[in-house]
Amino acid sequence: MQKAIHWSGVFPAVTTQFTADGELDAAAMQKLYDWQIRCGADGLVMVGSLGENSTLSSAEKLDVLQIGLEAADGRVPVLVTVAENSTRDACRFAADAQRRGAHGLMVLPGMRYLSDRRETLVHYRAVAAASDLPVMIYNNPLAYGVDIRPDMLAELADEPKFQAIKESSGDVRRVTDIFNTVGDRYAVFTGVDDLALESLAAGVQGWVAGLVCAFPQETVAIYRLMRAGRLAEALALYRWFAPLLHLDVSAKLVQNIKLAELAVGYGTGHVRAPRLPLTGDERVRVQAVIDDALARRPAMPLH
């Protein structure tokens, strides 16, 4: 069922769950995704960086999309990430995602090759043309080497399918630069967990979140408190959350967040190689952050 996207709120970038032998675990994903929605998530983003996109075949990505659609059951929109090496493959995947029922796309530049301005804009226009689905432009130059700057967003503004931006440059000043350049043309989402409150204060409409996978109530509470102007309450909760949120800004964000999921009774903890589970001092350090946060976990606001 096609569902219109209201571009605001908390959109978890959900994890992809695997069995011990590395196969997709549909039951674990259904349980996790349903929990996110019951805790107030406003949408789901499938097979992003946190969803281990680069380790999945195209067929598996579409299978995970289907699992997300079944778990959502029409309650929230389900986006799927387009992160292919070539523009041709990205266009093919976008069309396939529409046929499978995706409500929208989150689109990255072509992977591996660092495209210049002209190449990046052509890539995005081609992917937009490949389906009828609305597009969230994902800007993460720190991870992927291509910076989609505000002036480029202005150039893309004539394509109505480009409706939202996931801004993950790591510089919260970019949020204001986007609004000053293109006004309210796009819905702007923050994609960096430990800049979320600062980005919300700067006016973003949404949060594509990572630690939400283990702490959905707290993530949703911060978002709603900020939107309601209850800064002091949001700030207190954010300060408690910050050590956990820092786990998202790491080359091992997948392992970190899957360990946090296990700590709260969700997920399988398994990752797909070349990722390996955390071990030794590294695991002890991350587990200590999680355990400390759970020991000091605050009560949620009543409304």
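Because only heavy atoms are used, hydrogens play no part in the values below, and waters and symmetry mates are left out as well, while side chains stay in.
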Practice item. Go through the steps to decide whether Glu119 and Tyr113 satisfy the test side-chain hydrogen bond (donor to acceptor under 3.5 Å, both in side chains), and finish with yes or no. Key: CA-CA 10 Å; Glu119 292 166 328; Tyr113 175 69; 3.1 Å; yes

Exercise for review: Scan Val47, Thr81, Val14 and name whichever one has a side chain to side chain contact (heavy atoms under 4.5 Å, CB included) with Val64.
Suggested key: Val47

Just wondering, do [Y] and [X] contact through their side chains at under 4.5 Å, heavy atoms?
X: Leu278; Y: Asn256; value: yes
X: Val78; Y: Tyr33; value: no
X: Gln98; Y: Asp132; value: yes
X: Leu153; Y: Phe162; value: no
X: Phe93; Y: Asp89; value: no
X: Leu24; Y: Met29; value: yes
X: Leu105; Y: Ser131; value: yes
X: Leu156; Y: Ile137; value: yes

How far apart are the closest heavy atoms of [X] and [Y], and which atoms are they?
X: Ile5; Y: His103; value: CD1-O, 3.4 Å
X: Ala293; Y: Leu244; value: CB-CD1, 3.4 Å
X: Leu253; Y: Leu50; value: O-CD1, 4.1 Å
X: Gly68; Y: Leu44; value: O-CD1, 4.2 Å
X: Thr16; Y: Glu52; value: O-OE2, 3.9 Å
X: Gln17; Y: Gly267; value: OE1-CA, 3.2 Å

Going only through I, L, V, M, F, W and Y residues with side-chain contacts under 4.5 Å, is there a path from [X] to [Y]?
X: Leu114; Y: Met111; answer: no
X: Val188; Y: Val182; answer: yes
X: Val172; Y: Tyr186; answer: no
X: Leu32; Y: Val76; answer: yes
X: Val146; Y: Ile165; answer: no

I need the [X] [atom1] to [Y] [atom2] distance, nearest 0.5 Å.
X: Trp240; Y: Leu245; atom1: CH2; atom2: CG; answer: 8.5 Å
X: Leu211; Y: His246; atom1: CG; atom2: NE2; answer: 10.5 Å
X: Glu155; Y: Thr181; atom1: CD; atom2: OG1; answer: 13.0 Å
X: Tyr238; Y: Asp194; atom1: OH; atom2: CG; answer: 6.0 Å
X: Glu23; Y: Asp63; atom1: CD; atom2: CG; answer: 11.0 Å
X: Leu62; Y: Leu69; atom1: CG; atom2: CG; answer: 10.5 Å

Are [X] and [Y] close enough for a salt bridge, meaning some N to O gap below 4.0 Å?
X: Asp147; Y: Arg174; result: yes
X: Glu198; Y: Arg173; result: no
X: Lys258; Y: Glu261; result: no
X: Arg75; Y: Asp42; result: no
X: Asp158; Y: Arg125; result: yes
X: Asp25; Y: Lys31; result: no

Exercise for review: Start with the C-alpha gap between Asp292 and Arg296, add the side-chain angles, then the distance that decides, and say whether salt bridge (charged side-chain N to carboxylate O under 4.0 Å, His left out) holds.
Suggested key: CA-CA 6 Å; Asp292 180 66; Arg296 298 185 298 105; 3.0 Å; yes

Point to revise | side-chain hydrogen bond (donor to acceptor under 3.5 Å, both in side chains) partner of Glu84, chosen from Arg112, Lys61, His123 | key: Lys61

Practice item. Check the pair Leu294 / Val264 against side-chain contact (heavy atoms from CB on, under 4.5 Å), numbers first and verdict last. Key: CA-CA 9 Å; Leu294 289 172; Val264 297; 4.1 Å; yes

Review point. Passes salt bridge (charged side-chain N to carboxylate O under 4.0 Å, His left out), Arg38 versus Asp34? Steps please.
Key: CA-CA 6 Å; Arg38 287 189 288 105; Asp34 174 69; 2.7 Å; yes

Review point. Should Ser169 and Asp171 be marked as a side-chain hydrogen bond (donor to acceptor under 3.5 Å, both in side chains) after you check the CA-CA gap, both sets of side-chain angles, and the distance that decides it?
Key: CA-CA 5 Å; Ser169 68; Asp171 183 353; 5.7 Å; no

Counting distance only, does the side-chain N/O of [X] pair as donor-acceptor with the main-chain N or O of [Y] below 3.5 Å?
X: Gln255; Y: Leu276; result: yes
X: Gln163; Y: Ala187; result: no
X: Asn139; Y: Ile148; result: yes
X: Ser250; Y: Lys252; result: yes
X: Glu60; Y: Ser57; result: yes

Check your understanding: Can Tyr138 and Ser49 be said to form a side-chain contact (heavy atoms from CB on, under 4.5 Å), step by step?
Key -> CA-CA 11 Å; Tyr138 182 12; Ser49 309; 4.0 Å; yes

Review point. For Arg239, does the CZ atom sit with more than 12 other heavy atoms under 6.0 Å from it, leaving out its own atoms?
Key: no

Practice item. Give the intermediate values and the outcome of side-chain hydrogen bond (donor to acceptor under 3.5 Å, both in side chains) for residues His6 and Ser8. Key: CA-CA 6 Å; His6 181 59; Ser8 65; 3.1 Å; yes

Check your understanding: What residues form a side chain to side chain contact (heavy atoms under 4.5 Å, CB included) with Cys39, not counting sequence neighbours?
Key -> Trp35, Pro216, Gln217

Practice item. Decide yes or no on side-chain contact (heavy atoms from CB on, under 4.5 Å) for Asp193 and Val249, but give the supporting numbers first. Key: CA-CA 8 Å; Asp193 269 3; Val249 188; 5.6 Å; no

Review point. Should Gln205 and Trp7 be marked as a side-chain hydrogen bond (donor to acceptor under 3.5 Å, both in side chains) after you check the CA-CA gap, both sets of side-chain angles, and the distance that decides it?
Key: CA-CA 7 Å; Gln205 292 99 318; Trp7 292 105; over 6 Å; no

Check your understanding: For Gln287 and Val284, what are the C-alpha separation, side-chain angles and deciding distance, and is it a side-chain contact (heavy atoms from CB on, under 4.5 Å)?
Key -> CA-CA 5 Å; Gln287 189 67 56; Val284 168; 5.9 Å; no

Check your understanding: How about Phe11 and Phe189: are their ring centroids closer than 6.0 Å?
Key -> yes

